[in-house]
Amino acid sequence: MRLLVIGGSYFYGRVFVMEAAKEHDITVLNRGTYSMEEFGVTQVKGERHDAEAFAACKNDYDAVIDFCAYEAGDVDFVVKHLPGGIGQYILISTVDVYERGSGVVKTEDCAMERRSFAGEAGAYIGGKVALEDELRQVCGERGVPYTVLRPAILYGPYNYAPRESAYIRMMIADHVLPRFIDAKGRFQFVYVKDAAQAVLRTIGNKNAYGQSYNLCQDGEVTYESFFGMLKKVAQPETVQALQEISITVDSAVAQQVPVPFPATEEETELCSNVKSKEGLGMTYTDFEEGMRRTYNAFSRVFS
């Protein structure tokens with residue numbers, strides 16, 4: 001199939017392109033910060049709202065996969081400025097779009113978060129909610145089938161965000177690992193290759209048209225179990241040299257120790273992956289196996 005990927009040179013998008021290029025004809029439209037041509041794809045350089053860049057994508061595309069839509073208007077711009085046809089629009093959203101504080105495990109038909117929150121996180125959530133609304137309206141008006149994928153916390157090789165990699169660096173370079181004595185938060189991960197596989201299973205899948213899917217691995221994680229898993233997959237000599245430092249979450253934030261995942265029970269928001277399993281046939285990588293692959297990839301960088 002002929003695919004147009006918007007974004008695609010960073011983490012999730014990059015892994016998807018690496019996997020999809022084995023079987024699809026791919027054009028990537030992004031800023032060109034990193035070359036993607038080594039994967040056998042066509043790369044068009046341009047900003048998100050660069051009309052000339054989109055005009056250069058003259059083909060009809062079986063699917064547009066949008067990895068970097070963050071603000072209202074982003075989807076509408078793509079649909080209006082692509083000169084060819086769009087067989088399907090796949091929007092990468094987030095599990096954060098659900099209404100917070102309900103205390104229930106979120107399924108895809110749960111209410112969306114319509115309140116406004118301050119700060120960068122609030123803007124991110126508000127943008128994704130607005131974009132899902134926009135996708136349904138714009139694609140509905142033009143008869144373009146659409147699908148929404150809502151990943152949980154992505155992890156794995158190539159992750160540029162300072163999450164699991166930050167702790168792996170601390171273990172290898174500094175021989176330390178925090179132990180948050182008051183962290184009660186629970187959270188969910190999804191291995192990046194699983195998330196890429198979900199996109200592949202969605203492309204051209206008529207059963208996925210008009211549908212949304214949560215992407216998250218089986219089971220929830222706490223800081224304690226996360227740090228325990230890091231020690232389990234690390235080299236024995238790294239673990240032997242490791243100093244664990246007990247610290248409160250507030251002290252960690254004050255000392256600029258990374259606290260990238262929900263740390264309190266109030267922040268905990270969990271989702272169901274049943275629909276992605278049943279509707280897309282997803283199977284999720286075992287957390288230990290995914291973290292071992294991730295640790296090994298980053299250990300080569302930090303050693």
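Quantities reported herein were computed from a predicted structural model and do not represent experimental measurements.
The number of heavy atoms from other shown groups lying within 6.0 Å of CD (Q256) does not exceed 12. E237 CD: more than 12 foreign heavy atoms inside a 6.0 Å radius. In this structure, Y158 places its OH atom where only 12 or fewer heavy-atom neighbours from other residues, nucleotides or ligands lie under 6.0 Å away. Counting non-hydrogen atoms of other residues, nucleotides and ligands closer than 6.0 Å to CD of E224 gives a total of 12 or fewer. Counting non-hydrogen atoms of neighbouring residues, nucleotides and ligands closer than 6.0 angstrom, the NZ atom of K193 reaches no more than 12 such neighbours. With a 6.0 Å radius and a threshold of 12 heavy atoms from other residues, nucleotides or ligands, E120 has its CD atom at or below the threshold.
Counting heavy atoms from C-beta on, the side chains of E113 and V97 never come closer than 4.5 Å. Considering only heavy atoms from C-beta on, V199 comes within 4.5 Å of L149 through its side chain. A heavy-atom distance below 4.5 Å is found between the side chains of M36 and V41. Annotation: side chain of D74 is in contact with side chain of R48 (closest heavy-atom distance under 4.5 Å). With contacts defined as side-chain heavy-atom distances shorter than 4.5 Å, the pair E244/K231 qualifies. In this structure, V95 and K106 have side chains that are not in contact, with every pair of non-hydrogen atoms separated by 4.5 Å or more. Residues S303 and F298 fail the side-chain proximity criterion, which asks for heavy atoms closer than 4.5 Å. Two residues are said to be in side-chain contact when any heavy atoms from C-beta on lie closer than 4.5 Å; T238 and Y295 meet this criterion.
In this structure, Y98 has no ring-ring contact (aromatic ring centres under 6.0 Å, His included) partners at least two apart in sequence or on a different chain. Qualifying salt bridge (Lys or Arg N to Asp or Glu O under 4.0 Å) partners for E267, counting only residues two or more places apart in sequence or in other chains: none. Partners of R300 by salt bridge (Lys or Arg N to Asp or Glu O under 4.0 Å), not counting sequence neighbours: none found. Legend: residues meeting side chain to side chain donor-acceptor pair (under 3.5 Å) with E71, ordered by chain and number and at least two apart, are absent. When the salt bridge (Lys or Arg N to Asp or Glu O under 4.0 Å) test is applied to E99, no partner is found at least two apart in sequence or on another chain. Applying the ring-ring contact (aromatic ring centres under 6.0 Å, His included) test to Y10 and every residue at least two apart in sequence or in another chain returns Y34, Y160. With sequence neighbours left out, F287 forms a ring-ring contact (aromatic ring centres under 6.0 Å, His included) with Y155, F189.
Residue pairs that meet the salt bridge (charged side-chain N to carboxylate O under 4.0 Å, His left out) test with at least one member in residues 154-179, sequence neighbours left out, are R169-D174. Among residue pairs with one or both ends in residues 82-92, none qualify as salt bridge (charged side-chain N to carboxylate O under 4.0 Å, His left out); sequence neighbours excluded. Residue pairs that meet the salt bridge (charged side-chain N to carboxylate O under 4.0 Å, His left out) test with at least one member in residues 28-37, sequence neighbours left out, are R31-E47.
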Give every donor-acceptor pair under 3.5 Å between a side-chain atom in residues 75-91 and any protein atom, sequence neighbours left out.
| from | atom 1 | to | atom 2 | distance (Å) |
| --- | --- | --- | --- | --- |
| D76 | OD2 | K80 | NZ | 3.1 |
| H81 | ND1 | F77 | O | 2.9 |
| Q88 | OE1 | G204 | N | 2.8 |
| Q88 | NE2 | T147 | OG1 | 3.0 |
| Q88 | NE2 | T202 | O | 3.2 |
| Y89 | OH | D66 | OD2 | 2.5 |

Residues 14-27, side-chain donor-acceptor partners within the protein, below 3.5 Å, at least two apart:
| from | atom 1 | to | atom 2 | distance (Å) |
| --- | --- | --- | --- | --- |
| R14 | NH1 | S9 | O | 3.4 |
| H24 | ND1 | M1 | N | 3.2 |

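In this structure, D194 contributes its side chain and V190 its backbone to no donor-acceptor pair below 3.5 Å. In this structure, the side chain of N273 does not engage the main chain of L215 through any donor-acceptor pair within 3.5 Å. No donor-acceptor distance shorter than 3.5 angstrom exists from the side chain of S276 to the backbone of M282, with no hydrogens or angles considered.
In plain terms, the two heavy atoms of P262 and I153 that are nearest each other are CD-CD1, 4.3 Å. A234 and M171 get closest at one heavy-atom pair: CB-CE, 3.8 Å. Nearest heavy atoms, V105 versus C271: CG1-C, 3.5 Å.
The residues D218 and K277 are annotated as salt-bridged, a charged nitrogen and a carboxylate oxygen being separated by less than 4.0 angstrom. Ion pair R136/E134 not flagged as a salt bridge, since none of the NZ, NE, NH1 or NH2 atoms sits closer than 4.0 Å to an Asp/Glu carboxylate oxygen. The residues E288 and R292 are annotated as salt-bridged, a charged nitrogen and a carboxylate oxygen being separated by less than 4.0 angstrom.
Ring geometry for Y70 against Y124 counts as tilted: the plane angle lies between 30° and 60°, on a 0 to 90° scale. Ring pair Y223/F226 is perpendicular by interplanar angle, where above 60° counts as perpendicular and below 30° as parallel.
Rounding to the nearest 0.5 angstrom, the gap separating the CG atom in L230 from the CE atom in M291 is 4.5 Å. Between atom CD of residue E108 and atom OG of residue S272 there is a gap of 6.5 Å, rounded to the nearest 0.5 Å. Considering OG1 of T94 and CG of L131, their distance stands at 12.0 Å, rounded to 0.5 Å.
S165 and N159 are not linked by any side-chain donor-acceptor pair at a separation below 3.5 angstrom, with hydrogens and angles left out of the test. Checking D250 against T248 by side-chain atom types alone, no donor-acceptor pair falls below 3.5 Å. With 3.5 Å as the limit, one finds a donor-acceptor pair spanning the side chains of S93 and E132. Under 3.5 Å, the side chains of N30 and Q43 contain a donor-acceptor pair of N or O atoms. For the residue pair Q211 / Y146, no side-chain donor-acceptor distance below 3.5 Å is found, with atom types taken as modelled.
A distance of 6.0 Å or more separates the ring centres of Y191 and Y284.
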ring-ring contact (aromatic ring centres under 6.0 Å, His included) between F67 and Y12, worked out: CA-CA 8 Å; F67 285 94; Y12 185 6; 4.9 Å; yes
